[in-house]
Each structure stands twice: as C-alpha cells, then as structure tokens.
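Since the model is a prediction, treat every value here as computed from it, not as a measurement.
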Amino acid sequence: ELVSLILLLSIGLKGGIELGKQPVTDLALQAFAVILMGAALPLAAFPVLRFLGRFSRADAAAVAAHYGSVSVATYAVATSYFTARQIDYEAHMPFLLTILEIPAIVVGILLARGVSREIQFGAVAHEVFRGKGIVLLLGGLLIGWAVGPEGMAPMKPLFFDLFSGILALFLLEMGLITAAQFGILRKHGLFLVLFGIGMPLFSSVVGLTLGYALGLSLGGTAMLAILAASASYI
C-alpha cells in the first residue's frame with residue numbers, strides 16, 4: 001500500500017509541475033483525444049473477452065478496463081529508457097498519463113453494470129473518483145500544479161530521488177501477485193496468453209496513429225503508444 005501510494009503520488013506531482021509550465025488551453029485537444037482513446041480501447045477489448053474468451057460480464061469488463069487504462073510502472077520504465085538514450089518527448093506526458101487512468105475505469109464500470117435507464121451516472125462518477133488511484137493521481141497533479149518546482153523542493157528526496165527504488169519494489173510485489181494467479185491459466189490459458197500479447201499490439205498502433213495525428217514529436221508519439229499499450233496494475 002505504501003509503495004503504490006508513493007508511486008502514484010510521485011507521478012501526479014511530476015505531471016502537475018510540468019502542467020504548470022505551459023498554457024492549459026494548448027493541451028485541451030490532446031487531453032480530449034487521449035480521453036477518447038482511453039474510452040475506446042476497453043470498448044474494443046470487451047466483446048473479444050466476452051464472446052471469444054467466454055468471460056463473465058463482470059470479468060470481461062474488469063479486464064477490458066485494465067487494458068484501456070495505463071500502467072504507471074510501465075511509464076516509469078519507459079521514461080528511464082528514453083532518458084538513458086537521450087530520446088526527447090513532450091514534458092506533459094505525465095499529465096496525459098493521469099487523465100488516461102480515468103475513462104477506462106468509467107467505461108469498465110458501465111460495461112459491468114450494463115447501460116440502462118436505471119443506472120445512476122452520478123453514483124458511477126462518485127465510485128470512480130473516490131478510488132485510490134484516481135485520488136492520488138489527480139491530487140498529485142493539482143498539488144504539483146499549485147506549488148510548482150520550488151514548493152516541491154523539500155519533498156524531492158522522497159517523491160523524486162527514491163522513485164526508481166520504489167518502482168523496483170512495486171514491480172517485485174506485482175511479480176509475486178502474478179505468480180500466485182498462475183492457476184487461472186488452466187481455465188483460460190491459451191486465450192489469455194494470446195489476448196495478453198495481441199491487445200497491447202493493437203493498442204500501440206492506436207497510440208501511434210493518435211500521436212502522429214496530434215503532431216507529437218517522434219519520442220512523444222512513441223511514448224503515447226507505450227501508454228496505450230500498457231495495462232493498469234491498479
């Protein structure tokens with residue numbers, strides 16, 4: 001819990017600091033396009049899981065939401081990879097990562113419950129925005145935007161300098177959790193493996209296409225493809 005809390009808050013803080021360096025209006029189009037992508041990816045994954053994978057509605061919606069959302073850990077690894085090879089990308093990528101976490105969760109809940117006249121969208125929004133991941137990412141984004149790099153200086157040793165070590169602990173824990181779930185392969189083995197490989201490849205093409213359409217740099221387009229291809233651990 002502590003490791004994931006620090007990791008999420010660190011990403012949000014970094015995104016907020018970068019957001020404060022440029023006009024929000026310049027990011028409006030990119031943010032809107034990324035939100036649409038985040039909503040479209042689980043919609044594409046759901047029927048495959050539901051009808052080809054024979055998952056229950058709830059399971060299909062949950063897995064679809066994961067693959068429409070974004071992996072903070074994967075993004076962190078990508079930034080380290082890009083930095084080591086001096087590949088430049090847009091500084092506001094943490095902001096796009098933060099907002100990409102939201103639409104897939106909303107769509108996933110709607111897919112699980114089914115859309116009808118009885119559904120209360122206010123309750124769905126409340127359920128989404130009270131989640132730990134969203135609260136920490138959005139909270140960090142607002143804090144970083146409000147205080148700027150100077151205000152964050154006293155907290156830099158914890159949230160920035162120790163980031164790589166905290167990420168390593170997080171990935172180790174996720175590996176242990178994944179290993180404990182290997183038994184499910186007996187039921188959905190081949191399909192899960194194929195879906196786990198095929199869906200990220202499909203999503204990366206969507207991310208590449210969107211990045212090119214938005215006029216992002218080569219590094220920014222590649223980073224958006226990575227965000228699209230990643231699946232949330234949260």
Side-chain angles (χ1 to χ4, degrees), residues 1 4-5 7-8 11-12 31-75 96-139 141 170 173-174 177-207 210 227-234:
E1 285 293 313
S4 62
L5 186 151
L7 188 64
L8 288 165
I11 292 291
F32 179 71
V34 167
I35 288 174
L36 288 181
M37 181 181 72
L41 290 177
L43 289 175
F46 180 77
V48 178
L49 292 160
R50 185 79 172 97
F51 302 111
L52 294 182
R54 301 182 183 276
F55 281 71
S56 67
R57 170 179 283 273
D59 286 343
V63 176
H66 278 286
Y67 277 89
S69 190
V70 61
S71 165
V72 174
T74 302
Y75 170 78
L96 297 182
L97 176 143
T98 302
I99 62 173
L100 190 56
E101 190 72 34
I102 300 173
I105 298 177
V106 175
V107 172
I109 292 175
L110 292 176
L111 288 173
R113 293 183 173 180
V115 179
S116 65
R117 293 182 179 180
E118 290 75 22
I119 193 169
Q120 297 179 347
F121 290 97
V124 173
H126 181 264
E127 186 174 346
V128 170
F129 284 98
R130 74 178 181 181
K132 180 185 73 173
I134 300 301
V135 169
L136 290 173
L137 286 171
L138 287 181
L141 191 72
F170 182 81
E173 175 66 14
M174 290 310 306
I177 293 174
T178 302
Q181 300 297 321
F182 273 168
I184 196 66
L185 291 176
R186 297 174 183 175
K187 182 178 180 181
H188 295 288
L190 180 59
F191 175 81
L192 278 180
V193 171
L194 293 176
F195 182 84
I197 295 173
M199 185 63 194
L201 292 175
F202 168 77
S203 300
S204 67
V205 173
V206 175
L210 182 60
L227 293 182
S230 66
S232 176
Y233 298 129
I234 305 166

Novice: Any side-chain to backbone donor/acceptor pair from R50 onto S56? Under 3.5 Å, distance only.
Specialist: no
Novice: When rounded to the nearest 0.5 angstrom, what distance separates OG in S203 from CG in L227?
Specialist: 11.5 Å
Novice: Minimum heavy-atom separation for L5 and L136, please, with both atom names.
Specialist: CA-CD1, 3.8 Å
Novice: How long is the span from the CE atom in M199 to the CG atom in L49, to the nearest 0.5 Å?
Specialist: 8.0 Å
Novice: Show the nearest heavy-atom pair for residues L137 and L97, with the distance to one decimal.
Specialist: CD2-CD2, 4.4 Å
Novice: Could you report the tightest heavy-atom contact between A112 and A58, atom names first, then the distance?
Specialist: CB-CA, 4.4 Å
Novice: With rounding to the nearest 0.5 Å, note down the distance linking CG in L96 to CD1 in I35.
Specialist: 9.5 Å
Novice: So which heavy atom on A231 is nearest to which on S71, and how close?
Specialist: O-CB, 3.2 Å
Novice: Extract all donor-acceptor atom pairs below 3.5 Å that involve side chains of residues 41-48 and protein atoms in other chains or at least two apart in sequence.
Specialist:
none

Novice: My understanding is that only residues two or more places apart in sequence, or in another chain, count here; which of them pass side chain to side chain donor-acceptor pair (under 3.5 Å) with S69?
Specialist: E101
Novice: What's the separation between atom CD1 in I99 and atom CG in L141, rounded to the nearest 0.5 Å?
Specialist: 9.0 Å
Novice: Evaluate the ring planes of F195 and Y67, with Trp represented by its six-membered ring, and classify them as parallel (under 30°), tilted (30 to 60°) or perpendicular (over 60°).
Specialist: perpendicular
Novice: Kindly write out the residues that satisfy side chain to side chain donor-acceptor pair (under 3.5 Å) with S4, not counting sequence neighbours, or none if the list is empty.
Specialist: K132
Novice: For R113, is there any backbone N or O sitting under 3.5 Å from a side-chain donor or acceptor partner on R57?
Specialist: no
Novice: Out of curiosity, L100 CG to I105 CD1, how far, rounded to the nearest 0.5 Å?
Specialist: 10.0 Å
